[in-house]
Amino acid sequence: MVAGFLKGLLDWRKVENQTLYAVILAVLLGVVLPNFAQPLKVVGDIFLRLLKSIAIPLVMASIFVSIASLRGMEELKELGIKALVYYTATTFLAVLTGLVVVNLFFGIGETNITPPSAGHFEPKQVSLYDFFVGFFPDNIFKALAEGKVIQIIVFTILFALGVLAIVQNLKGKETVINFFSGMNDALLNVAQWVIKLTPLGVFAIVYYNVAVHGLSAFAELWKYALAVLVGLFWHAFVNLGLITYVFAKAKPWEYFAKVREALLVAFSTASSSATLPVSLEVAEKKAGVDKKVTGFVLPLGATVNMDGTALYEAVAAMFVASVYGIHLSLEQQIIILITATLAAIGAAGIPSAGLVTMTLVFSAVGLPLEGIAIILAIDRFLDMFRTAVNVWGDLIGAKVIDTLLRRKNS
Ligand code: ASP
């Protein structure tokens, strides 16, 4: 089984393998020949723009089509509840894993980093009011233009229900459904073409990032980075692996092999939203998950289900507290559990979004916000890993929910 998987990795004609080789080569070149990276920025930027340009209309079209193809309110409720239970449970589990790892990893005041003083770095604080009100759009066109994905999702769900509720103007109803369905297919075609460019795009992005950010920042922060990575790997392969095995009745490594292109794109772009076109494509075409499920679970998951981000926020809070010599009690760690889950839900699927919503966690337990500056230097690097885990969590969610629905309907 492992031998088969490794043998599969050698087939250089597969785009997912070319992307993997591209990542490895880019890391090596970024370390050895950092001076040649600059001209590649344009290639990486164009690739990212192509992905991002399809992501927003795709969120709308795929959620709309998915709801329109359901048999009614009952089925939507079922899909929605299953998705929400899955998202919350796995995010909670991720934070819990992060807290366990971090408690095993460092004690207080163990590092020799000097905590920054106030005024050194002032991140904008996210308030709970803004957080909740921010889910609702006041102008859908503004939300679309600004890429406010949660607002777009809320609007699309309402709009799709509105269309389904049309009883008299059936021709109009059909036209709107056909329009979005055609739009969805067209965007997925474009996604397929862009995917052909992933080895090149991913090579450029990773090469540039490794060359620019370098590896020197690790000297002081290696323990923190290690704690985040151990937590992420444990969650991705043990927790989510078991969930795949038990609830989706599938072998996690086989599923991993099928969807790995999306994980590599997530890793290099550090953006769940930009990865969405690829996730939809691999889940449907390579892993055979029902379009109705992927169309709902993946776009929603790309913004609200962020296991990796939640885990990292918890570890970061604990680490910064230890730098300041602050002891966080069990009660405070429970507050971290809740706020990190919320903060991850509120984080957008773009690079460094977790860094912004982390202020929610810091304020909840009274940590100085400027402490976030401590972890900035290696944030882009960790973002790559946590985004890959975020997308992996979404893809497993789609598989689990697909299996549960199929079982019920058979
Ligand atoms: N970059 C992450 C994502 O797109 C969010 C974050 O943790 O910053 O999923």
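Numbering of ligands and ligand atoms starts at 1, following listing order. Note that the coordinates shown come from a computational prediction; the quantities given were computed from them, not determined experimentally. For the single chain, residues carry numbers from 1 onward in sequence order.
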**Report entry** Candidate list D379, D307, D383, test side-chain hydrogen bond (donor to acceptor under 3.5 Å, both in side chains), partner Y312, passing option
**Finding:** D379
Per-atom contacts, ligand 1 versus [X] - under 4.0 Å to a heavy atom:
X    : value
N390 : 2 (C), 3 (C), 9 (O)
A353 : 6 (C), 8 (O)
T387 : 1 (N), 2 (C), 3 (C), 4 (O), 9 (O)
S271 : 4 (O)
G354 : 6 (C), 7 (O), 8 (O)
S272 : 3 (C), 4 (O), 9 (O)

Requested in this report: Compute the minimum heavy-atom distance from S352 to ligand 1 and say whether it is under 4.0 Å.
Outcome: yes
Query raised in the report: Looking at ligand 1, does A348 have a heavy atom less than 4.0 Å from it?
Result: yes
**Report entry** Parallel, tilted or perpendicular: ring planes of F159 versus F155, cut at 30 and 60 degrees
**Finding:** parallel
**Report entry** Residues E78 and K408 bridged, charged N to O under 4.0 Å
**Finding:** yes
Reported [atom1]-to-[atom2] distance for the pair [X] and [Y], which is rounded to 0.5 angstrom:
X    : Y    : atom1 : atom2 : value
Y207 : L29  : OH    : CG    : 5.0 Å
L395 : L263 : CG    : CG    : 6.0 Å
L242 : L93  : CG    : CG    : 9.5 Å

Query raised in the report: Considering residues, nucleotides and ligands other than F237, do more than 12 of their heavy atoms fall under 6.0 Å from its CZ?
Result: yes
Can you check whether [X] has an N/O within less than 3.5 Å of an N/O in ligand 1?
X    : result
T309 : yes
R386 : yes
I350 : yes

Query raised in the report: Can you tell which part of A270 has a heavy atom less than 4.0 Å from ligand 1: side chain, backbone, both or neither?
Result: backbone
Query - Test log, rule salt bridge (Lys or Arg N to Asp or Glu O under 4.0 Å), inputs D185 and K291 - result: CA-CA 11 Å; D185 292 344; K291 192 172 169 177; 3.3 Å; yes
